Amino acid sequence: MAQITEILPYLLAGVLLAFVVMHVGIWLTTRQMIGHSAPEVADLLGDRLLPDGKTVLYFYNTDCSACLLMTPRVDRLAKQHPGVVKVNTREERELSKRLGVTATPTTIVLQNGKIVAALVGAQSERRLRKLFR
């Protein structure tokens, strides 16, 4: 028993470090998307993709606790702005895959065929509104 208590702090530190490294990797991957041409997604989005203006894609999962906080914010934004598209990652796996979404919630803004913004994690309503400026 004494051996377990001696290594327990190291195990916990290792788990925490792995968690941090994973999240930093997801964040960096998402940041690298900005400014690049969006993969062809028009066939999957259909009339939900605005030909002119910004389309905000909100990727969520029904089991995601951060999504439960953010979805009402996105719903309020969608009532005020055309072009907000909610994407359930379980139902639209191909769209999530094409855009490289690996975590939820993720918000990606498309404009004129390019990714102009990409955010991972829960966002404030104020920050979401800035996406339309």
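Just so it is clear, the structure is predicted and the values come from calculations on it, not from any experiment. Start at 1 with the first residue, then count along the sequence.
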**OP:** Given side-chain contact (heavy atoms from CB on, under 4.5 Å), test Leu99 with Val41 step by step and report yes or no.
**Re:** CA-CA 8 Å; Leu99 287 169; Val41 293; 4.1 Å; yes

Original post:
So Asp43 and Arg98, side-chain contact (heavy atoms from CB on, under 4.5 Å) or not? Walk me through it.
Top reply: CA-CA 12 Å; Asp43 59 325; Arg98 283 192 199 176; 2.8 Å; yes

**OP:** Carefully, step by step, assess Phe59 and Thr107 under the rule side-chain contact (heavy atoms from CB on, under 4.5 Å).
**Re:** CA-CA 6 Å; Phe59 292 87; Thr107 307; over 6 Å; no

Original post:
Which is it for Leu119 and Leu131 under the side-chain contact (heavy atoms from CB on, under 4.5 Å) test, yes or no, and what are the steps along the way?
Top reply: CA-CA 10 Å; Leu119 307 168; Leu131 297 176; 4.0 Å; yes

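Looking at every heavy atom in both residues, Lys86 comes nearest to Arg48 through O-NH1, 4.1 Å. The nearest pair of heavy atoms linking Leu110 to Leu57 is CD1-CD1, 3.7 Å. Contact between Val74 and Leu128 at its shortest, heavy atoms only, is CG2-CD1, 4.1 Å. Nearest approach of Ser96 to Val87, heavy atoms of both residues: OG-CG1, 4.4 Å. Considering all non-hydrogen atoms of both residues, Glu92 and Leu44 come closest at OE1-O, 4.4 Å. The shortest non-hydrogen separation linking Ala122 to Pro105 is N-CG, 3.6 Å.
Taking the side chain as every heavy atom from C-beta outward, Leu45 and Val85 approach each other to under 4.5 Å.
Thr89 places no side-chain N or O within 3.5 Å of a backbone atom of Asn61 that could act as its donor or acceptor partner. No donor-acceptor pair under 3.5 Å is formed between the side chain of Lys54 and the backbone N or O of Gly83. Listed for the Arg73 side chain is a donor-acceptor partner under 3.5 Å among the backbone atoms of Gln123.
For the 3.5 Å distance criterion, the side chains of Tyr58 and Thr106 fail to qualify, holding no donor opposite an acceptor.
To the nearest 0.5 Å, atom CG of residue Asn112 and atom OG1 of residue Thr55 are 9.5 Å apart. Separating the CZ atom in Arg90 from the SG atom in Cys64 is a distance of 10.0 Å, to the nearest 0.5 Å. Atom CG of residue Leu12 and atom CD1 of residue Ile7 lie 10.0 Å apart, to the nearest 0.5 angstrom.
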